Amino acid sequence: TYQSIFFRAKVAMLILAGLNVWLFHSRVERRVADWDLTPSTPSAARVAAIVSLVLWAGIVVAGRMIAYNWFDCDIQPQADFINWAKGNDIPVGPGRGSGAGSLVAYSLRITDLDPLQYGLLFERFLNPERVSMPDFDIDFCQDNRDRVIDYVKRKYGHDAVSQIATFGTLGAKAVVRDAGRVLDLPYTKCDQLSKLIPHNPTDPWTLERALAQEPAFADAVAADEENQELIALAKPLEGLTRSVGMHAGGVLIAPGKLTDFTPLYCAQGTEGVISQYDKDDVEAIGLVKFDFLGLTTLTIIDLTLKYVRQLDPSFALELDRLPLDDAATYEIFKRGETTAIFQFESRGMRELLKRAKPDRLEDLIALNALYRPGPMDLIPEYVDRKQGRQKVEYVHRSIEPILSETYGVMVYQEQVMRIAQETGGYSLGAADLLRRAMSKKKPEEMARHRSIFVDGAAAKGVDARTAAEL
C-alpha cells in the first residue's frame with residue numbers, strides 16, 4: 001500500500017545511514033587530524049572514534065525524527081539520485097538551504113557541508129513543531145541535470161515521475177495592459193498607466209493599494225474616463241491565472257502511477273508531462289517534491305577542470321580540498337574582480353566587496369546573506385564594524401558568543417533561533433516557529449512571540465527593556 005511503501009523506505013534509510021558509519025567516521029577522523037593534539041593525547045583515530053560515537057548517537061535520534069516526523073517524505077531517494085550523479089561525473093553542489101543542518105544528510109553524502117563546523121541547526125531543517133515538509137535544495141550541473149531526471153524516471157518508473165506545473169497570474173501591471181488591449185486603447189497609454197504602479201517583487205502592489213497609496217496613479221485614473229473604465233474592468237481580473245508553465249526545478253516522485261494522485265498536463269509540441277497541481281497543491285495531497293536545480297556555475301567549474309587536465313594530464317585537484325584561507329584569493333574579492341563568481345558577480349555586490357574588504361570565508365558568507373532586500377539595511381553597520389569605524393556592541397552579554405562572528409550584527413536565521421533559545425528560553429523547535437513568523441512577516445504571530453520572548457528572558461534575568469530591544 002501507499003503507506004507501507006514509504007514505511008519500508010524509511011526503514012531502509014535508517015539501515016543505509018548505519019552502513020554509512022564508516023564514511024562519517026572517516027570525515028570526522030580527517031577533521032580531528034587537523035586538531036592541535038599533544039603527544040599525550042590519544043591518536044586521531046581513537047579521538048575520531050569517540051567523537052563519531054557521540055555524534056552518531058545524535059544522528060540516530062535525528063534519523064528517528066526524520067522517519068517519524070517527515071510525513072510521507074523520504075530521504076532515501078535523495079541519497080540515491082545524488083550519489084548516482086556523483087558516481088557518474090555529474091557535478092553536484094554541496095547543498096543549500098536548511099537541509100545542510102542535518103548530520104544524517106552529511107553522512108549519506110546528500111550534502112557536503114559539515115553542520116558542526118558552520119553552526120547549522122538541525123531544528124532549522126526538521127523538528128517536532130514543524131508542520132510543513134522539509135526539503136533539500138540541490139544544485140546540479142546545468143548541462144547534465146536532465147540526465148539525473150532521466151535516471152530517476154528509469155529507477156522509479158516513467159509513470160511515477162513528472163515535473164510540476166506553475167501558474168502565472170495577472171498582476172496589477174499586466175492586468176492593466178491586457179485589459180487595455182481588449183478595450184482597444186493605445187498601447188502607449190496603457191503602458192504609461194501601468195508604469196505608475198510601484199513594482200516590488202517581495203511585496204507586490206495591487207490595484208487597490210496603488211489607488212490608495214500612489215498619488216500619481218490615482219490622479220491619472222481620476223482624470224480620465226477611459227482610465228476609469230479600464231481599471232473597473234481590470235479589478236475583477238487581477239490575480240486570475242494567465243498562463244501555465246513548468247517549475248524550474250521541482251520534480252514529483254509518486255509511490256505509484258501519477259494518474260492515481262494528480263491530473264497531468266502535456267504542453268503542445270512536447271512529449272513530457274507535468275502535474276496540473278502546483279508545488280503547494282502537490283504537498284497538500286501528500287506527494288513528495290524534489291528540487292533538481294540547474295546551476296551554470298557548476299558547469300563552468302567542471303569544464304575548467306577538464307580543459308586544464310587536457311593541457312596538463314598530470315593535473316590533480318579535489319575541489320573539496322581547496323584551502324579556505326588563501327590570502328591571494330581574498331585579494332581578488334577585495335578588488336571586486338568577481339565576474340562569473342556565483343552570487344558575487346553583480347555590480348552592486350562587487351562595489352560592496354570593495355567597501356567591506358573581506359579577508360575570511362565568514363565575511364563572504366555574511367555579505368552574501370546581507371545582500372538582499374531587507375537585510376541590506378544592515379550592510380553599512382556591518383562594514384563599519386568590520387573596518388573598526390564603529391564599536392562592536394551587544395545588547396546583552398548572552399548574545400555575544402552568538403553574534404561575535406558577525407561583529408554584533410544579527411545576520412542569519414540560525415542566530416535568531418539561538419538567541420531565542422539562549423536568551424528567551426525557547427526550545428529550538430519553538431525558535432524555528434519564531435523564525436518562520438519573522439520570515440513570513442506575520443504581525444499577529446510576531447506579536448505573540450514578542451510577549452513569549454520577553455517573559456522567557458525575564459525568567460533568565462534579562463530586564464524587560466533589553467528583551468524588548470532584542
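In this text the structure is predicted, and so the values were computed from the model without any measurement. Computation of the quantities below employed the complete heavy-atom set of this structure, encompassing side-chain atoms and omitting hydrogens, waters and symmetry-equivalent molecules.
- With rounding to the nearest 0.5 angstrom, the OH atom of Y407 is 10.0 Å from the OH atom of Y394.
- Between M438 and V416 the shortest side-chain heavy-atom distance falls below 4.5 Å.
- Applying the ring pair (Phe, Tyr, Trp, His ring centres under 6.0 Å) test to residues at least two apart or on different chains, the pairs with a partner in residues 295-340 are F333-F344.
- Not a single donor-acceptor pair under 3.5 Å links the side chain of S102 to the backbone N or O of G99.
- Contact detail for G245 and I274: the closest heavy-atom pair is O-CD1, 3.6 Å.
- Of the residues listed (D312, L305, L311), the one engaging R309 in a side chain to side chain contact (heavy atoms under 4.5 Å, CB included) is L305, and it is the only one.
- Between the side chain of Y382 and the backbone N or O of L370, no donor-acceptor pair lies under 3.5 Å.
- Across all non-hydrogen atoms, the minimal contact from R350 to T339 is NH1-OG1, 4.1 Å.
- In this view, R372 and N368, P375 satisfy the side chain to side chain contact (heavy atoms under 4.5 Å, CB included) rule, not counting sequence neighbours.
- For residues 331-340, the pairs satisfying salt bridge (Lys or Arg N to Asp or Glu O under 4.0 Å) are E331-K334, R335-E337, with sequence neighbours left out.
- For R389, the CZ atom sits in a packed shell: over 12 heavy atoms of surrounding residues, nucleotides or ligands are nearer than 6.0 Å.
- For residues 399-414, there are no salt bridge (Lys or Arg N to Asp or Glu O under 4.0 Å) pairs, not counting sequence neighbours.
- More than 12 non-hydrogen atoms from other residues, nucleotides or ligands lie less than 6.0 angstrom from CZ of R355.
- Summarising the geometry of A165 relative to V244, their closest heavy-atom pair is CB-CG1, 4.4 Å, with the distance given to 0.1 Å.
- Using a 4.5 Å heavy-atom threshold, the side chains of K155 and Y151 count as touching.
- Look at D359 and K386 and you find a salt bridge, because one of the NZ, NE, NH1 or NH2 atoms lies within 4.0 Å of a carboxylate O, short of that distance.
- In this structure, K391 does not pair ionically with D384, as no charged nitrogen and carboxylate oxygen lie closer than 4.0 Å.
- Here the shortest heavy-atom pairing between V282 and S275 reads CG2-OG, 4.1 Å.
- A side-chain donor-acceptor contact under 3.5 Å links D114 to the backbone of L116.
- In this structure, the side chain of T299 does not engage the main chain of C141 through any donor-acceptor pair within 3.5 Å.
- Donor-acceptor pairing under 3.5 Å is recorded for the side chains of Q415 and T406.
- For F292, the ring-ring contact (aromatic ring centres under 6.0 Å, His included) criterion is met by F81, F140, not counting sequence neighbours.
- Evaluation of the salt bridge (Lys or Arg N to Asp or Glu O under 4.0 Å) test over residues 200-214, restricted to residues two or more places apart or in two chains, returns D203-R209, E208-K235.
- Applying the side chain to side chain contact (heavy atoms under 4.5 Å, CB included) test between R145 and each of V148, D143, I149 identifies I149 as the sole match.
- Under the salt bridge (Lys or Arg N to Asp or Glu O under 4.0 Å) criterion, K357 pairs with no residue at all, not counting sequence neighbours.
- Applying the side chain to side chain contact (heavy atoms under 4.5 Å, CB included) criterion to M376, with sequence neighbours excluded, gives Y371, I379.
- The two atoms that bring K289 and G250 nearest to each other are CG-CA, 4.2 Å, heavy atoms only.
- No donor-acceptor pair closer than 3.5 Å links the side chain of T423 to the backbone N or O of A420.
- Side chain of D278 to backbone of D281: a donor-acceptor contact under 3.5 angstrom is found.
- In this structure, P401 has no side chain to side chain contact (heavy atoms under 4.5 Å, CB included) partners at least two apart in sequence or on a different chain.
- Considering only heavy atoms from C-beta on, R418 comes within 4.5 Å of L121 through its side chain.
- Between the S346 side chain and the M349 main chain, a donor and an acceptor come within less than 3.5 Å of each other.
- The main-chain N or O of I197 is found under 3.5 Å from a side-chain atom of K173 such that the two form a donor-acceptor pair.
- Crowding of R242 atom CZ: a count of heavy atoms from other residues, nucleotides or ligands under 6.0 Å not exceeding 12.
- For A467, the side chain to side chain contact (heavy atoms under 4.5 Å, CB included) partners two or more places apart in sequence, or in a different chain, are F453, V454, A457, V462.
- For H247, there are no side-chain hydrogen bond (donor to acceptor under 3.5 Å, both in side chains) partners two or more places apart in sequence or in a different chain.
- Sequence neighbours left out, the pairs with a member in residues 452-470 that pass side chain to side chain donor-acceptor pair (under 3.5 Å) are D463-T466.
- In plain terms, the two heavy atoms of K86 and V92 that are nearest each other are CG-CG2, 3.9 Å.
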Before you tell me yes or no, could you show the steps for D363 and R360 under salt bridge (charged side-chain N to carboxylate O under 4.0 Å, His left out), namely the whole-Å CA-CA distance, both residues' side-chain angles and the distance that decides it to 0.1 Å?
CA-CA 6 Å; D363 288 337; R360 55 179 187 152; 3.1 Å; yes
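- Under a 3.5 Å cut-off, the side chain of E238 and the backbone N or O of L207 do form a donor-acceptor pair.
- Using a 4.5 Å heavy-atom cutoff, the side chains of Y106 and P115 are in contact.
- Side-chain contact between L252 and Q163: absent, with no pair of heavy atoms (C-beta onward) separated by less than 4.5 Å.
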